[in-house]
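For reference, the structure is listed below as structure tokens.
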2 protein chains.
Amino acid sequence: MQLQPREVGVLTTLIEDYIQTAVPVGSRTIAKKSNLNLSPASIRNIMADLTEKGYLEQPHTSAGRIPSALGFRFYVDSILQYHPLSSEKRNLMTEHIGDAKLDVPDLLRNASRLLSAFTRQVGMVLAPKASDIGFKHIDFVLLKPCLVMTILVVEGGIVQNKIISADPALNSDDLVKFSNFLNHLFQGRTLAQVRARVVQEMEAAKKQYQTMSGQALALVQQAFATDREREVFVEGTVNFFGHPEFSNPAKLRELLALLEERTRLLELLDQVCKPEGISIFFGREVEQDGFQEYTLISSPYQGQDSPLGVVGVIGPIRMDYAKVVPLVEFTAQVISQLLRNRF
Amino acid sequence: MQLQPREVGVLTTLIEDYIQTAVPVGSRTIAKKSNLNLSPASIRNIMADLTEKGYLEQPHTSAGRIPSALGFRFYVDSILQYHPLSSEKRNLMTEHIGDAKLDVPDLLRNASRLLSAFTRQVGMVLAPKASDIGFKHIDFVLLKPCLVMTILVVEGGIVQNKIISADPALNSDDLVKFSNFLNHLFQGRTLAQVRARVVQEMEAAKKQYQTMSGQALALVQQAFATDREREVFVEGTVNFFGHPEFSNPAKLRELLALLEERTRLLELLDQVCKPEGISIFFGREVEQDGFQEYTLISSPYQGQDSPLGVVGVIGPIRMDYAKVVPLVEFTAQVISQLLRNRF
DNA sequence: TCTGGCACTCGGTCGCACAGAGTGCTAAAC
DNA sequence: GTTTAGCACTCTGTGCGACCGAGTGCCAGA
């Protein structure tokens, strides 16, 4: 079902007006704002056609039209022209995200904050999935007798800590030996491979609990016993208050609840995140309660080569895509850049 | 200005009713709910006295009364009887906060979440101030040539990471030597002392950049170059939506903005946190914009002996103090308990 | 094919009246 | 002297009707 050029013109004008005003748009407004040189009456005919085809909706008989999800989809896929980012803005962002001295979580949180500040929407960054990343270093620190802290560093300088209990006979020197042994053993593998290797070695070393390697493996197995939930940094939820679509507190509440509940949020991101390039998802297109009316714009970032995580922006369907999309894209680039130096 | 027993009775009934309903309370209601056996007319006289003395306020002529800040202050200081926590609840909380395997941030975040879930208010936990804690261990990992990750472990198993740049000539073996040297040097000091010591040693070693100790100090100095902001875990902001006092979105927005802006929040906590015992602060009693209408209930937690941080709950002045206060107190106890095992 | 005109629809707002909750005061009862 | 019943008064919230304005759909004519 192709749209005629005039229909596209009306749809574009309508959507862009609606993005600015959040109010149903009438034929008169479009007649004035578009450069089609048609009278309101003609516009009305075109609008009726667009409504029939599903691109527009009418809240009630005597209101103007608002774009439907289909309308927005058509707009972002076929019409939208992105504004390129000004170089001042690029500099400003690069500067603020990345003091390269930051550790990865701080860096990602910064990115999320900046994104939220610049777009006036809610910023979101999904942290790398640890198990896909290369092992770098493991270390044990004896906090007290029987209480050992394991510190696991993966490539890029991402650190995970865990506290485990240990044989009372172990002392600091033992721990140093263990870490030397394990660092050597795990060199150059991903965490997932390390995990597998641990299981395998444990099998082999089953009978030799007394040996150094047996003890070391028992210790490291504890460190790997449970998986950490993948982190998500969500910043700027206050921005929701700026938008008229959130004047209904119940809706706002539902969305905030979704964002606070990390497991549901991760589920949502899983559904939505394509491995490459910018993507724009409307809530109606995903199966997640309470997200029906919102949009997620996201772009993956990567280290040396493989994708690590995702940055994005969450807001109402009515969003200034032309401005927000390039910002999200650029943020992903900056993060990729910063991380690449570390991998 | 002492209150007579009857006045106290009326005030108590009124506040407790108001805590439940959030609606101005009239004389008839009090006459029925209190056990003073007085008619509404008599209650009205007493209420007029209480209003004159500043314990009650009247939103408008024909409304009932609501407690003033002074009224609440009197209530929490002189009247309030805490409900002891049921042992099931104690068990439930202990169990959920503390899998002792968690690292400190996760543990504190958990505590904050639980507190928020049980009180239906917003939970808050202020993390320990690193500089007061004892040094435990420092470690360097070579991520790439010129790029070193420093891992600093302090007592209790709190970890701080930082990425710093290094002399290209350094290799992993050098880093091991450095950390051995420094771990020995800093043994048994607090971070603040370590900082001071680094400065002092740098002075002494000024001329000997070539020596191992000179290089090690140069490296560690970078690691200590900037201070980290003290962390605060705020959880359950969605709970604000449950309370009628937040039906005004502008107020809600202001409070959320305050909670998102960590520096302002830290300022507030600084004003409010007494070093010992539970404390209840009304917004009107502190100088922090946007906090006028809320209450912060807080209690410090400690490791082996000295106070480390604070746990608390933020909500409207109208709060079920009898229930919330013991919960906050108990959470602080559980955290103290868990941390004590590690210090 | 486009446009001017016209009747119609529907939501938002304004004004008004009214009910309900609560007060303060007075006078009578205990 | 204290307590209480009664009463007039005040103020808010709500429901209702009228009205205004924005916008539509359709028809007839350019």
Side-chain angles (χ1 to χ4, degrees), chain A residues 2-11 13-18 20-68 71 244-245 247-249, chain B residues 3-11 13-18 20-68 71 244-245 247-248:
Chain A
Q2 274 294 49
L3 290 188
Q4 294 168 5
R6 297 200 315 176
E7 293 178 321
V8 174
V10 169
L11 186 58
T13 314
L14 190 145
I15 291 184
E16 283 170 0
D17 191 79
Y18 182 70
Q20 278 179 26
T21 63
V23 163
V25 188
S27 52
R28 233 181 81 89
T29 315
I30 295 182
K32 264 192 288 182
K33 294 210 176 170
S34 79
N35 43 13
L36 294 170
N37 286 320
L38 290 176
S39 74
S42 311
I43 301 284
R44 281 204 285 281
N45 286 326
I46 301 171
M47 284 164 83
D49 293 344
L50 283 169
T51 308
E52 211 168 297
K53 292 181 182 171
Y55 292 91
L56 297 181
E57 284 169 3
Q58 204 169 7
H60 56 85
T61 335
S62 75
R65 305 295 210 290
I66 60 176
S68 67
E245 26 274 283
S247 52
N248 177 347
Chain B
L3 291 187
Q4 295 170 4
R6 294 201 317 177
E7 292 179 319
V8 174
V10 169
L11 186 58
T13 314
L14 190 146
I15 291 185
E16 283 170 0
D17 190 79
Y18 181 71
Q20 279 179 23
T21 62
V23 162
V25 188
S27 53
R28 232 181 82 89
T29 314
I30 296 183
K32 265 192 287 181
K33 294 208 176 171
S34 79
N35 44 13
L36 294 169
N37 286 322
L38 288 177
S39 74
S42 311
I43 302 284
R44 281 204 286 280
N45 287 327
I46 301 172
M47 284 164 84
D49 292 345
L50 283 169
T51 308
E52 211 168 298
K53 292 181 183 172
Y55 293 90
L56 296 181
E57 283 168 4
Q58 204 169 8
H60 56 87
T61 335
S62 75
R65 304 297 210 289
I66 59 176
S68 67
E245 26 274 282
S247 51
N248 177 348

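Just so it is clear, the model here is predicted, and its values are computed rather than measured. We name chains A, B, ... by the order of the sequence lines, and we start the count at 1 in each one.
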Item checked: Interatomic distance where CD1 belongs to A:Ile30 and P belongs to C:dT3 [whole Å] -> 15 Å
Next item on the list: Look up atom CG in B:Leu38 and atom OG in B:Ser27, then write down how far apart they are to the nearest 0.5 Å.
Entry: 11.5 Å
Item checked: Within-4.5 Å side-chain heavy-atom neighbours: A:Ile43 and A:Met47 -> yes
Checklist line | Outermost nucleotides of DNA chain D that come under 4.0 Å of a non-hydrogen atom of chain B | finding: D:dT3 to D:dT12
Checklist line | CG-CD1 distance between B:Leu3 and B:Ile46, expressed to the nearest 0.5 angstrom | finding: 11.0 Å
Checklist line | A:Lys53 to A:Gln2 - nearest heavy-atom pair and separation | finding: NZ-O, 3.8 Å
Note to self: Quick check on the helix from C:dT1-D:dA30 to C:dC30-D:dG1: what's the angle between its two end axes, five base pairs per end, to the nearest 10°?
What the structure shows: 20°
Check: Hey, does the side chain of B:Ser68 reach the backbone of B:Gly54 with a donor-acceptor pair shorter than 3.5 angstrom?
Finding: yes
Check: Rounded to the nearest 0.5 Å, how far does CD1 of A:Ile66 lie from CD1 of A:Ile15?
Finding: 11.0 Å
Next item on the list: May I have the distance from B:Arg28 (atom CZ) to C:dG24 (atom P), rounded to whole angstrom?
Entry: 17 Å
Check: When we call it a touch if two heavy atoms are under 4.0 Å apart, what does B:Ala63 touch: a base, just sugar-phosphate, or nothing?
Finding: sugar-phosphate
Margin query: Within this structure, what is the CG-CD distance for the pair A:Leu11 and A:Glu16, rounded to the nearest 0.5 Å?
Written below: 9.5 Å
Margin query: Let me confirm one number: the CG-CZ distance from B:Leu50 to B:Arg6, rounded to the nearest 0.5 Å.
Written below: 10.5 Å
Checklist line | For A:Glu245, salt bridge (Lys or Arg N to Asp or Glu O under 4.0 Å) partners two or more places apart | finding: A:Arg318
Item checked: Of A:Val10, A:Leu14, A:Leu56, the residue whose pairing with A:Val25 passes side-chain contact (heavy atoms from CB on, under 4.5 Å) -> A:Leu14
Check: So, for A:Pro67 and A:Tyr18, which heavy atoms are closest and what is the spacing to 0.1 Å?
Finding: CD-CD2, 3.5 Å
Note to self: Both B:Arg6 and A:Thr29 contact DNA chain D. Which one's nearest nucleotide lies toward the 5' end?
What the structure shows: B:Arg6
Check: Just wondering, do A:Asp49 and A:Gln4 contact through their side chains at under 4.5 Å, heavy atoms?
Finding: no
Item checked: Members of residues 42-51 of chain A that approach DNA chain C, where some heavy atom sits under 4.0 Å away -> A:Ser42, A:Arg44, A:Asn45
Nucleotides 9-12 of chain C: which of its N/O atoms have a protein N/O under 3.5 Å away?
{"residue": "C:dT9", "atom": "O2", "partner": "A:Ser62", "partner atom": "OG", "Å": "3.4"}
{"residue": "C:dC10", "atom": "OP1", "partner": "A:Thr61", "partner atom": "OG1", "Å": "3.3"}
{"residue": "C:dC10", "atom": "O4'", "partner": "A:Ser62", "partner atom": "OG", "Å": "3.3"}
{"residue": "C:dC10", "atom": "O2", "partner": "A:Ser62", "partner atom": "OG", "Å": "2.9"}

Atom pairs and distances, side-chain donor-acceptor, residues 28-37 of chain A, under 3.5 Å, sequence neighbours left out:
{"residue": "A:Lys33", "atom": "NZ", "partner": "A:Asp17", "partner atom": "OD1", "Å": "2.7"}
{"residue": "A:Ser34", "atom": "OG", "partner": "A:Ile30", "partner atom": "O", "Å": "3.1"}
{"residue": "A:Ser34", "atom": "OG", "partner": "A:Leu36", "partner atom": "N", "Å": "3.4"}

